[in-house]
Amino acid sequence: YPYIWDESSSYMPAITKMIENGPGLLPGVIPMTYSKGHPLLFYFIFSSWITVFSNKIFAVRILALLISCCTLVCFHKMTRRYTNNIIANISLVLLSVQSLFLAQASLILPEMLLTLLVIITFEKFISKKYILFAIFGSLMVLTKETAVVFIACFLLFYFFENLKTIHAVIFWKEISLISVPLAVYILFLVFHYAEFDTFFYEGHINFIDYNLENIFRKFNSAAANIFTRYGRNIILAASILSVAILLFRKKKFRFTKVLLLSFLLAITYLIFSSFNFYTHRYLLAILPFFIFAASVIIYQARFKNKFLNIFLMILVVVPSLYKSLNETDGGGDYDLGYTQYIHVHKEAVAFCEENDWYDKQICCGTNLVMALNNKIPGYLSTEHTFGATRFPVTDSTEIVIIDSTGPNKELSKNSKREFVFSKHFEYKKHWSNIYIREKE
């Protein structure tokens, strides 16, 4: 598939720029207009891969897929440690069929790499392997700055769990190791300031929102996308039922440490997302912990009959798989709907090429603007690019392309008098209409 949304507008241009300048991790390797203040590990990994192998889209997506496969392996290892191999296998399937995971599995975005590193640091923290925690936690904050939220959670959890030993040397030794990733990120900010005279990218700072109505709206949306949408309401219901069974049996809850830490990571990140710029794909980093915690709870409430347990877990998995394949949202990159609108966009771009509209003023939505104006996304079949602009339609506009992912779903009343319908493309739930200005 060609690149879409942030792949086209942000990450692939930055990776391409790093290839030109040479891979590096220090701020200034690429201009801030490309990095947008993000740490550079993600760009470093992908630019190195492309330098060694190929810049073909297929080759680049292979690396993204390898990271996704590593995420599943680490998730399975973590889950198996607190349940058994059968539950870990089913949990692995449960994560891999989630629409958010499937959608992100081969996209050139840092969320999957961040998710992998969060899982590893979580496992190292629980295992008390704090030196390894410091290493992988540092890689995590060098992938995306929002990882600092997770490090803060680990620090907070350790502090209150070991408060009784606060006067012991071991307490300060271990908490110092847990703090290493924070020190690494602060050092990155110092270098960033030395290079650009600012600690953060102003465009991102402006996204911070203190409006209570917006905060609650984003929190509700984020919570729904983790706990109830795309068939995950079945997982939540099964977890609640398992808790009820455990209480009825008067059984003590096991693995409370991993459950409490999973809950702390999820809730803290949901709250942070409510203040920060929010898009559904950012939640990928905490999705495995919801499934992990659910698996651990359901495992404790299991029945004596092994086959009955397997059957019930399959009943939990099937709705998620069905919803992932059939439930798609508008035009984002967080479910498999993009496989539909990419098909439509490719047809629209090909139609523009067939008609040689290179010198025409084309007006369309963001995704198509990037697809028509730049070679990086991978839609164009020749070296020629177009002069496409985003809405609104102006007096100089000659071609209008309206599609299901754009801000406009139909022509305005004035435009309907000036443009005539030319072509319609449709694939499953997505579509595109092309209009040409009538000649006077």
Side-chain angles (χ1 to χ4, degrees), residues 5-6 10 36-38 95 98-101 103-104 109-112 114-115 118 122 140-141 144-157 160 199-241 243-244 259-294 297 319-320 323-324 327-335 337-338 366 405-407 409:
W5 293 118
D6 284 356
S10 182
K36 298 180 180 177
H38 291 311
L95 175 60
Q98 297 303 311
S99 56
L100 180 57
F101 187 91
Q104 291 290 307
L109 299 168
E111 275 65 42
M112 189 63 75
L114 176 62
T115 302
V118 174
F122 182 96
M140 186 169 68
V141 299
K144 203 163 186 183
E145 59 272 27
T146 50
V148 171
V149 175
F150 297 120
I151 299 299
C153 287
F154 289 124
L155 275 169
L156 188 68
F157 193 91
F160 284 104
F199 289 111
F200 303 105
Y201 181 61
E202 187 178 352
H204 288 167
I205 295 297
N206 293 336
F207 284 136
I208 297 174
D209 194 346
Y210 298 105
N211 182 285
L212 284 178
E213 185 179 345
N214 290 337
I215 290 169
F216 282 116
R217 177 183 54 79
K218 287 191 285 187
F219 183 86
N220 289 335
S221 174
N225 275 285
I226 285 294
F227 300 120
T228 60
R229 291 198 65 197
Y230 299 100
R232 291 192 276 274
N233 53 342
I234 305 296
I235 306 172
L236 181 63
S239 303
I240 294 171
L241 180 60
V243 170
L259 292 173
L260 288 173
L261 184 54
S262 297
F263 180 78
L264 177 63
L265 292 177
I267 293 300
T268 304
Y269 198 71
L270 285 175
I271 294 171
F272 170 79
S273 299
S274 304
F275 285 90
N276 195 29
F277 174 74
Y278 168 71
T279 184
H280 297 330
R281 77 164 192 266
Y282 290 175
L283 302 175
L284 180 63
I286 59 173
L287 178 60
F289 293 99
F290 167 55
I291 295 172
F292 169 65
I297 292 170
S320 289
K323 290 283 188 178
S324 294
E327 185 176 323
T328 58
D329 215 327
D333 53 14
Y334 46 85
D335 62 37
Y338 72 76
T366 300
T405 68
K409 302 304 182 212

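Basis for what follows: all heavy atoms, side chains included, without hydrogens, waters or symmetry-related copies.
Residues passing the side-chain contact (heavy atoms from CB on, under 4.5 Å) test with Tyr201, sequence neighbours excluded: Met32, Lys36, His204. With sequence neighbours excluded, the residues satisfying side chain to side chain donor-acceptor pair (under 3.5 Å) with Asn214 are Asp209.
At a threshold of 4.5 Å between non-hydrogen side-chain atoms, the residues Phe157 and Leu260 count as touching. Under the 4.5 Å side-chain criterion, counting only non-hydrogen atoms from C-beta, Tyr334 is in contact with Tyr230.
Here the straight-line distance linking atom CD1 of Ile267 with atom OG of Ser262 works out to 11.5 Å at 0.5 Å rounding. Separating the CD1 atom in Ile297 from the CG atom in Leu241 is a distance of 11.5 Å, to the nearest 0.5 Å. In this structure, Ser239 OG and Leu259 CG are separated by 10.0 Å, a value rounded to the nearest 0.5 Å. Note that OG1 of Thr146 is 11.0 Å distant from CD1 of Ile151, once rounded to the nearest 0.5 Å.
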ask   = Run the side chain to side chain contact (heavy atoms under 4.5 Å, CB included) check on Thr405 and Thr366 step by step: do they pass?
value = CA-CA 9 Å; Thr405 68; Thr366 300; over 6 Å; no

(request) Could you walk me through whether Trp5 and Leu109 pass side chain to side chain contact (heavy atoms under 4.5 Å, CB included), step by step? (result) CA-CA 10 Å; Trp5 293 118; Leu109 299 168; over 6 Å; no

Evaluate the side chain to side chain contact (heavy atoms under 4.5 Å, CB included) criterion for residues Met112 and Phe101: first the C-alpha distance (whole Å), next the side-chain angles of each, then the deciding distance (0.1 Å), finally the verdict. CA-CA 8 Å; Met112 189 63 75; Phe101 187 91; 3.6 Å; yes

Derivation of the side chain to side chain contact (heavy atoms under 4.5 Å, CB included) call for Gln98 and Ile235: CA-CA 11 Å; Gln98 297 303 311; Ile235 306 172; 4.0 Å; yes

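Within the structure, every pair that satisfies the salt bridge (charged side-chain N to carboxylate O under 4.0 Å, His left out) test and touches residues 220-235, not counting sequence neighbours, is listed here: Arg229-Glu327, Arg229-Asp329. The stretch residues 279-290 participates, sequence neighbours left out, in these side-chain hydrogen bond (donor to acceptor under 3.5 Å, both in side chains) pairs: Asp6-Arg281, Glu111-Arg281, Asn225-His280, Tyr278-His280, Arg281-Asp333. For residues 268-277, no pair satisfies side-chain hydrogen bond (donor to acceptor under 3.5 Å, both in side chains), with sequence neighbours left out.
Nearest heavy-atom pair across Leu270 and Ala222 is CD2-CB, 3.5 Å.
Around atom NZ of Lys144, more than 12 heavy atoms belonging to other residues, nucleotides or ligands sit under 6.0 Å away.
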Donor-acceptor pairs under 3.5 Å, side chain of residues 285-293 to any protein atom, not counting sequence neighbours: which ones?
none

